[in-house]
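Structure record follows, encoded as structure tokens.
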2 protein chains.
Amino acid sequence: MARRPGLTEDVVVNAAIELVNTQGVEQLTVAALAQKLAVRPPSLYNHVRGLDGLRQAMVLRGLRALTAKMQTAVMGRAGFEALVSLAQAYRAFAAEQPGLYALTLRSNENADPEAQAAGQAAIDVVLAVLHGYGLEGDAALHATRVLRSALHGFVSLEMAGGFALPLSLDESFDQLLCTLDCGLRNGFGQNANPDSSPLQQ
Amino acid sequence: MARRPGLTEDVVVNAAIELVNTQGVEQLTVAALAQKLAVRPPSLYNHVRGLDGLRQAMVLRGLRALTAKMQTAVMGRAGFEALVSLAQAYRAFAAEQPGLYALTLRSNENADPEAQAAGQAAIDVVLAVLHGYGLEGDAALHATRVLRSALHGFVSLEMAGGFALPLSLDESFDQLLCTLDCGLRNGFGQNANPDSSPLQQ
DNA sequence: CGCAAAAACTAATATAATTAGTATTATAAC
DNA sequence: GTTATAATACTAATTATATTAGTTTTTGCG
């Protein structure tokens, strides 16, 4: 039932992903995408619900690809080794697909159920790694947030060109991981220095 | 030499900041801003170099305001207390001016010299705090990246609605700070567990 | 009082997303 | 094999956007 170019949602979404990865998230326009696919802009609306629907579909694929990459990374590993492997996979994903990563980690506010499930799957991988640190329950959930914050923060600053100095990024990333490891092994779930802590004002 | 509404660059930029803080970064349009100022869109071009120039000016103010807030926060404090105060100021800034924060931490790639200087001033505050941890030289610079990553990651995930679970955000933030404190006090500058580290492959 | 410059305006252009409606073509039913 | 149907790409039109050009008005200063 297709006509000349034989578009499908898959083809459109993949082309869009390629476009944001090479040109940046801002350059994702219906016009540019249509040109890339040798088609007139309105034709895309047969396969995708406008720019918003397109972005949603891209986010879903991004989350799933990231989760798959992380799952592979932690297979057969535990403790610090698993943490490092997970983190490297995370950072590598952002480096390989910068546009898709930026889009994926933009906003989870209006996420549809599918996207929320995909997000949960990603979190489950992190939780599995934290299990190896002996963390369970609320402590593990807090630790998940800490881990995600650190990884997302580093990666997004790196991508945004926020680290200007001529200083090894790999080394900084290693230090970040050592810091996380240190925090996860010591004193997670209770305050590190309960007495003098300014947290208990 | 002004005419009726008496616009100035300050008035325009401040209105734009108010707009992004209340409506979100995506809603910053020349049309919306002009309407807010009771003026026709082209009039804004007498005070601001289009949307790009406007954003640049906003970023500059954002960086300076954030720096000022952080400087106040660390005055007279040291060590963990300074770290906590700095972090709380950082997070509070993002909460008070979400749109401006999002805009500010977007991209430092094409930053003009003024913005770069403002960014450096912010980093200097962090360096001062790290001085209290006995960190100097490259170790301090790596630590700055670690700190910025963690803070920016947490804050931007929080703002994007990335933390969905019904679990105290304040507590997660405290855990993040304890983790950072732990990493900064132990083993920064050298590997925490040199022997079995997967980092030395 | 008049002059010059700043500032706001109208009008026009260009690009973008999106919708409506039309034509074509491939698949499936007969 | 022919025909009906539905998918799909198209043209045309609408709306919203940023931006530039050129005009008019006002205001501060000599």
Side-chain angles (χ1 to χ4, degrees), chain A residues 1-61 99-100 102-103 106-107 109-110 112, chain B residues 1-61 99-100 102-103 106-107 109-110 112:
Chain A
M1 306 170 178
R3 222 167 106 176
R4 289 206 297 263
L7 289 189
T8 64
E9 186 187 341
D10 252 49
V11 172
V12 173
V13 175
N14 285 335
I17 289 175
E18 204 179 305
L19 208 158
V20 296
N21 282 337
T22 54
Q23 312 285 331
V25 178
E26 312 295 326
Q27 304 307 312
L28 176 60
T29 66
V30 175
L33 185 56
Q35 190 175 17
K36 185 181 173 70
L37 291 164
V39 133
R40 301 290 178 171
S43 305
L44 301 181
Y45 289 80
N46 288 318
H47 306 279
V48 153
R49 291 188 178 185
L51 264 187
D52 284 342
L54 179 61
R55 290 204 194 95
Q56 266 188 301
M58 293 168 77
V59 165
L60 196 55
R61 280 165 206 243
L100 185 55
L103 210 59
R106 189 162 269 194
S107 172
E109 287 282 16
N110 322 334
D112 57 307
Chain B
M1 305 171 180
R3 225 168 101 175
R4 288 205 297 264
L7 290 189
T8 64
E9 185 187 342
D10 252 47
V11 172
V12 173
V13 175
N14 286 334
I17 290 175
E18 204 179 305
L19 208 158
V20 297
N21 282 337
T22 55
Q23 313 285 332
V25 179
E26 312 295 327
Q27 304 308 313
L28 176 61
T29 65
V30 175
L33 185 56
Q35 188 174 17
K36 186 181 173 70
L37 291 165
V39 133
R40 302 290 178 170
S43 304
L44 301 181
Y45 289 80
N46 288 318
H47 307 278
V48 151
R49 291 189 178 184
L51 265 187
D52 283 342
L54 179 61
R55 291 205 194 95
Q56 267 188 300
M58 293 169 77
V59 166
L60 195 55
R61 279 164 206 244
L100 186 56
L103 209 60
R106 191 161 266 195
S107 174
E109 288 282 15
N110 323 332
D112 57 306

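Here is the naming used below: chain letters follow the sequence lines, and residue numbers restart at 1 for every chain. Values in this document were obtained by computation on a predicted structure and should not be read as measured data.
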Candidates [options] - which lies nearest the side chain of [X]:
X	options	result
B/Asn46	D/dT19, C/dA7, D/dT17	C/dA7
B/Thr29	D/dT19, D/dT17, C/dT18	D/dT17
B/Pro42	C/dA17, D/dA18, C/dC9	C/dC9
B/Val39	C/dT18, C/dC9, D/dA9	C/dC9
A/Arg40	D/dC10, D/dA9, D/dA18	D/dC10

Could you state the [atom1]-[atom2] distance from [X] to [N], rounded to the nearest angstrom?
X	N	atom1	atom2	value
B/Asp10	C/dA7	CG	C1'	17 Å
B/Leu33	D/dT19	CG	P	12 Å
B/Glu9	C/dA8	CD	P	13 Å
A/Leu44	D/dT8	CG	P	13 Å
B/Leu54	D/dT19	CG	C1'	14 Å
B/His47	C/dA6	NE2	C1'	9 Å
B/Glu26	D/dT17	CD	P	14 Å
A/Leu51	C/dT15	CG	C1'	14 Å

C/dA7 phosphate, OP1 or OP2, under 4.0 Å from B/Ser43 side-chain N/O: no

Residue of the set A/Leu19, A/Val48, A/Val13, A/Val25 for which side-chain contact (heavy atoms from CB on, under 4.5 Å) holds with A/Met58: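 The single option meeting the side-chain contact (heavy atoms from CB on, under 4.5 Å) with A/Met58 is A/Val13.
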
Closest non-hydrogen atom pair between B/Gly99 and B/Asn21, with its separation: N-OD1, 3.0 Å

Heavy-atom pair of closest approach, residues A/Glu26 and A/Arg106: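 Reported closest heavy-atom pair: OE2-NH2, 4.0 Å.
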
Do B/Leu28 and B/Leu54 have side chains that get closer than 4.5 Å, going by heavy atoms? yes

Side chains of A/Asp10 and A/Arg61: closer than 4.5 Å at any heavy-atom pair?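 SC-SC contact between A/Asp10 and A/Arg61 confirmed.
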
